[in-house]
Number of protein chains: 2
Amino acid sequence: MNSLTTYHSVAARLQSSIHSGELASGSKLPSERGICEQLGVSRVNARDALHFLEAQGLIYRLNRIGWFVSPAPFIYDPTQTHSLRDEARAQNRQLETELISANRTAAPAVIARKLELSATAAVLNVVRRRSVDGRWVLLESCYYREEDFPDLLSKDLTGSLNALVRDAYGFKKRRQDIGISSKPLNQTQAQQLQVREGSPALKLSRDLIVDGRCIVAETEHWLHDAIEMSIRGRTTAG
Amino acid sequence: MNSLTTYHSVAARLQSSIHSGELASGSKLPSERGICEQLGVSRVNARDALHFLEAQGLIYRLNRIGWFVSPAPFIYDPTQTHSLRDEARAQNRQLETELISANRTAAPAVIARKLELSATAAVLNVVRRRSVDGRWVLLESCYYREEDFPDLLSKDLTGSLNALVRDAYGFKKRRQDIGISSKPLNQTQAQQLQVREGSPALKLSRDLIVDGRCIVAETEHWLHDAIEMSIRGRTTAG
DNA sequence: AATCTCCTTTGGTCTATACCAGAAGTGGTA
DNA sequence: TACCACTTCTGGTATAGACCAAAGGAGATT
């Protein structure tokens with residue numbers, strides 16, 4: 001079929017408005033019913049078009065509030081350890097951090113394995129969400145071996161946790177193993193980032209290894225349109 | 001709302017069948033209309049449930065053929081350079097490669113910039129698709145600076161292109177810069193991997209830098225459920 | 001055995017409508 | 001000015017049905 005289907009046409013119209021600047025970054029799109037009326041299409045077609053653009057990373061939705069034009073993604077090197085806030089500042093973005101919870105809790109099985117703890121061991125868990133330019137885009141959950149991080153929960157947990165690990169606890173010589181996969185948000189995660197359950201996201205796991213032992217296990221869930229990973233390699237002769 | 005919505009229930013039923021082994025990895029799910037009849041739900045609910053599971057990476061579809069249970073993802077370190085085929089063998093997987101095209105072509109603007117070529121310069125382009133255990137999961141497109149790779153198109157392009165770069169062309173000391181983002185497949189890409197346009201995928205770009213110059217620009221599109229990236233860091237003191 | 005034709009099955013697209021429930025807006029009141 | 005109640009707006013969920021078009025299967029033919 002050479003001609004576009006209806007929802008493709010609707011998507012193309014909206015995309016064109018975005019690229020032309022008529023719909024600026026961060027601005028709200030017409031409502032679903034508004035699109036139906038303006039373009040004379042059914043609501044299913046309007047929704048399919050919006051879902052298509054969402055999958056492309058061009059728009060995002062706030063749950064039951066509306067659809068918005070996605071800003072440019074945040075450029076992020078997950079293998080680096082410097083402060084995310086500094087990274088954002090370098091990109092003319094503004095990063096804010098909100099501590100959601102910090103407590104001593106039973107380790108989930110996966111975390112217990114990574115931290116080489118028994119199934120019933122306790123760990124220290126810090127959960128934070130972060131916004132870029134006012135939009136919640138990242139939910140992070142960090143698990144710490146209690147014995148390696150005494151008094152962790154009494155420290156300022158809204159700054160660079162990496163800096164804490166290095167400076168306050170002295171773990172200077174360490175390695176990070178990183179996992180990256182596509183993983184939509186579950187209901188709890190979605191609620192924290194003000195989006196719908198099932199919203200597309202990238203899951204990033206980071207294990208901090210010191211002397212061959214994993215002492216911190218971290219999971220980051222990034223809204224998929226908000227991030228672009230960029231890893232600068234090092235010269236090898238292999 | 002504490003109770004599940006209808007399509008969530010349908011998804012939960014299917015997911016339970018998958019986890020119990022009743023629906024084995026790689027096996028075909030009941031058709032959409034079959035699910036409607038069996039569970040007494042509308043086709044919209046059946047489809048929503050399937051889309052939900054697809055987003056989770058649990059199932060995949062072959063275009064107009066049916067839905068299938070996703071096998072375990074292939075574990076892939078994009079920062080390493082050894083042969084994908086060897087990597088697959090190490091994971092008891094079977095990787096096949098099919099050359100789609102290899103030709104001298106005008107460089108797309110993005111590629112021209114990376115390779116530091118003028119807008120009208122020609123490059124050598126190699127396009128391949130790769131399957132894991134018989135399922136097309138990866139579409140890769142590599143662009144080479146013509147002057148750095150004379151006679152490239154007359155070589156065997158179904159093996160390790162990395163090995164070619166290193167051994168046949170002598171570029172031993174090099175660096176790779178990698179980009180990772182979430183990017184669904186366009187119509188052409190989807191067709192090559194036998195899936196529907198818009199299927200969720202991870203886009204991986206890799207620039208090969210030698211003596212400060214980019215000599216190869218590569219793009220890989222992986223079906224999102226078929227891959228899990230795992231990057232082993234190196235010990236730093238930072 | 002290979003090819004061709006026809007039929008069936010499959011997901012894709014579309015229509016119109018209705019109702020739910022969360023979020024915000026508005027106006028009134030203290 | 002702050003709070004509350006109500007309304008409106010928003011996306012979410014669901015129904016029933018129809019038709020399209022690609023892919024494969026089956027049977028016939030060469």
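A, B, ... follow the sequence lines: proteins, then strands. Residue 1 opens every chain.
In terms of position on DNA chain C, the residue among His8(A) and Arg64(A) whose nearest nucleotide sits closer to the 5' end is His8(A).
Regarding Leu50(A), its CG atom lies at a distance of 12 Å from the C1' atom of dT10(D), rounded to whole Å. Regarding Glu32(B), its CD atom lies at a distance of 17 Å from the P atom of dG17(D), rounded to whole Å. When the C1' atom of dG11(C) is taken as reference, atom CD of Glu197(B) falls 15 Å away, rounded to whole Å. In this structure, the CG atom of Leu29(B) is 12 Å from the P atom of dT10(C), given to the nearest Å. dG11(D) atom C1' lies 9 Å from atom NE2 of His51(A), rounded to whole Å. One can place NZ of Lys28(A) at 12 Å from C1' of dG25(C), the figure rounded to the nearest angstrom.
For the salt bridge (charged side-chain N to carboxylate O under 4.0 Å, His left out) test, residues two or more places apart in sequence or in another chain that qualify with Glu218(A) are Arg206(A). Listed by chain and number, the residues in a salt bridge (charged side-chain N to carboxylate O under 4.0 Å, His left out) with Arg89(A) are Asp86(A) (sequence neighbours excluded). Remark: Arg33(B) engages no residue in a salt bridge (charged side-chain N to carboxylate O under 4.0 Å, His left out) (not counting sequence neighbours). In this structure, Glu87(A) has no salt bridge (charged side-chain N to carboxylate O under 4.0 Å, His left out) partners at least two apart in sequence or on a different chain.
Applying the salt bridge (Lys or Arg N to Asp or Glu O under 4.0 Å) test to residues at least two apart or on different chains, none of the pairs has a partner in residues 67-82 of chain A. Sorted by first and then second residue, the ring pair (Phe, Tyr, Trp, His ring centres under 6.0 Å) pairs involving residues 23-53 of chain B (not counting sequence neighbours) are His8(B)-Phe52(B), His51(B)-Trp67(B). Every pair tested for salt bridge (Lys or Arg N to Asp or Glu O under 4.0 Å) that includes a residue from residues 183-198 of chain A fails, sequence neighbours excluded, so the list is empty. Among residues at least two apart or in separate chains, salt bridge (Lys or Arg N to Asp or Glu O under 4.0 Å) pairs with a member in residues 93-104 of chain B are Arg93(B)-Asp133(B), Glu98(B)-Arg129(B), Arg104(B)-Glu146(B).
Listed by residue number, Arg61(A) are the residues of residues 53-63 of chain A with a heavy-atom contact under 4.0 Å to DNA chain D. Against DNA chain D, the stretch residues 33-48 of chain B makes heavy-atom approaches under 4.0 Å through Arg33(B), Ser42(B), Arg43(B), Val44(B), Asn45(B).
Looking only at side-chain heavy atoms (C-beta outward), Ser182(B) and His224(B) stay at 4.5 Å or farther from each other.
With respect to Val195(A), the side-chain contact (heavy atoms from CB on, under 4.5 Å) criterion is satisfied by exactly one of Ile65(A), Val137(A), Asn63(A), Leu185(A): Leu185(A). A side-chain contact (heavy atoms from CB on, under 4.5 Å) with Arg128(B) holds for exactly one of Glu140(B), Gln192(B), Glu220(B); it is Glu140(B).
Of the inter-residue distances, the one linking Thr81(A) atom OG1 with Leu84(A) atom CG reads 11.5 Å to the nearest 0.5 angstrom.
Ring geometry for Tyr60(B) versus Phe68(B): interplanar angle under 30°, hence parallel rather than tilted (30 to 60°).
Taking 4.0 angstrom as the limit, Tyr7(B) places a side-chain polar atom (N or O) nearer than this to OP1 or OP2 of dT13(D). Put simply, Thr6(A) has no side-chain N or O that comes within less than 4.0 Å of OP1 or OP2 on dT13(C). For the pair Ser31(A) and dT10(D), the criterion of a side-chain N or O lying under 4.0 Å from OP1 or OP2 is met. Not one side-chain nitrogen or oxygen of Arg196(B) sits closer than 4.0 Å to the OP1 or OP2 atom of dG11(C).
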Shorter than 3.5 Å, N or O on both sides, protein versus nucleotides 24-27 of chain D: list them out with atom names.
none

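Five base pairs at each end of the helix from dA1(C)-dT30(D) to dA30(C)-dT1(D) define two local axes, and these are offset by 30° (rounded to 10°).
Between Ile59(A) and Asp225(A), the shortest heavy-atom distance links the atoms O-OD2, 4.4 Å.
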